[in-house]
> 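The structure that follows is given in the form of structure tokens.
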Amino acid sequence: MNSLPKHVQKPFQRFGNSGLEFDPTATEVAILDRSGRAVWKKSKGEAPAPIRWNGDDSAGGMVQTGDYICKIVYPDDKIAYLPFVFMKK
């Protein structure tokens with residue numbers, strides 16, 4: 001696993017009640033389950049806005065409470081893998 005690029009202070013922060021907002025320099029974010037399967041993925045378009053995840057999977061349903069891995073891709077081809085626990089309210 002690669003470490004975060006030096007310019008990254010916080011790779012993500014809370015957004016709303018259960019969401020995450022990612023570093024604005026990230027070009028792609030994927031939420032992986034424990035088996036490594038992507039349950040959600042988004043690539044950044046031309047807009048300068050950061051990528052946001054609200055806890056939904058790719059089909060639009062809320063993911064289950066559990067352990068996940070956040071895969072963050074940066075423009076310089078650095079990739080960061082960050083484990084986290086998601087808890088439904």
Side-chain angles (χ1 to χ4, degrees):
M1 288 189 218
N2 294 334
S3 61
L4 293 171
K6 290 181 182 181
H7 67 274
V8 175
Q9 299 276 328
K10 293 170 75 176
F12 58 81
Q13 61 187 2
R14 294 198 47 78
F15 172 73
N17 289 333
S18 61
L20 299 174
E21 178 176 282
F22 297 92
D23 177 355
T25 63
T27 58
E28 182 179 290
V29 174
I31 304 299
L32 313 174
D33 64 15
R34 291 183 71 169
S35 69
R37 181 181 62 89
V39 296
W40 180 87
K41 183 176 177 181
K42 185 166 185 176
S43 295
K44 188 173 184 177
E46 297 297 318
I51 296 172
R52 293 179 175 156
W53 177 62
N54 64 1
D56 288 349
D57 61 18
S58 295
M62 181 70 69
V63 300
Q64 295 297 313
T65 294
D67 298 327
Y68 292 88
I69 299 169
C70 179
K71 176 184 174 186
I72 306 173
V73 180
Y74 292 93
D76 54 4
D77 291 328
K78 288 273 190 182
I79 299 174
Y81 294 89
L82 304 168
F84 70 99
V85 175
F86 181 81
M87 297 181 68
K88 293 196 309 189
K89 287 192 165 195

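All values below come from the heavy atoms of this structure, side chains included, with hydrogens, waters and symmetry mates left out.
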> With rounding to the nearest 0.5 angstrom, report the CG to CE distance, Asn54 to Met62.
6.5 Å

> What are the two closest non-hydrogen atoms of Asp56 and Val63, and how far apart are they?
C-CG1, 4.1 Å

> Do Trp53 and Ile31 touch side chain to side chain, with heavy atoms closer than 4.5 Å?
yes

> Got a list of side-chain donor-acceptor pairs under 3.5 Å for residues 34-41, not counting sequence neighbours?
from	atom 1	to	atom 2	distance (Å)
Ser35	OG	Asp33	OD1	2.7
Arg37	NE	Asp33	OD2	3.2
Arg37	NH2	Asp33	OD2	3.3

> Identify the heavy atoms of Cys70 and Phe22 that sit nearest to each other, and give their distance.
SG-CE2, 3.2 Å

> Rounded to the nearest 0.5 Å, how far apart are CD1 of Ile69 and CG of Leu82?
9.5 Å

> With rounding to the nearest 0.5 angstrom, report the OH to OG1 distance, Tyr74 to Thr27.
9.5 Å

> Can you check whether Pro24's main-chain N or O pairs, donor with acceptor, with Lys44's side chain at less than 3.5 Å?
yes

> For a quick test of reading the model, state the closest non-hydrogen atom pair linking Leu32 to Lys71 and the distance between them.
CD1-CB, 4.2 Å

> Would you say that Thr65 contacts Met87 through its side chain, given a criterion of any heavy-atom pair below 4.5 Å between the two side chains?
yes

> Would you name the heavy atoms of Ala26 and Val29 that are closest together and state the gap between them?
CB-CG2, 4.4 Å

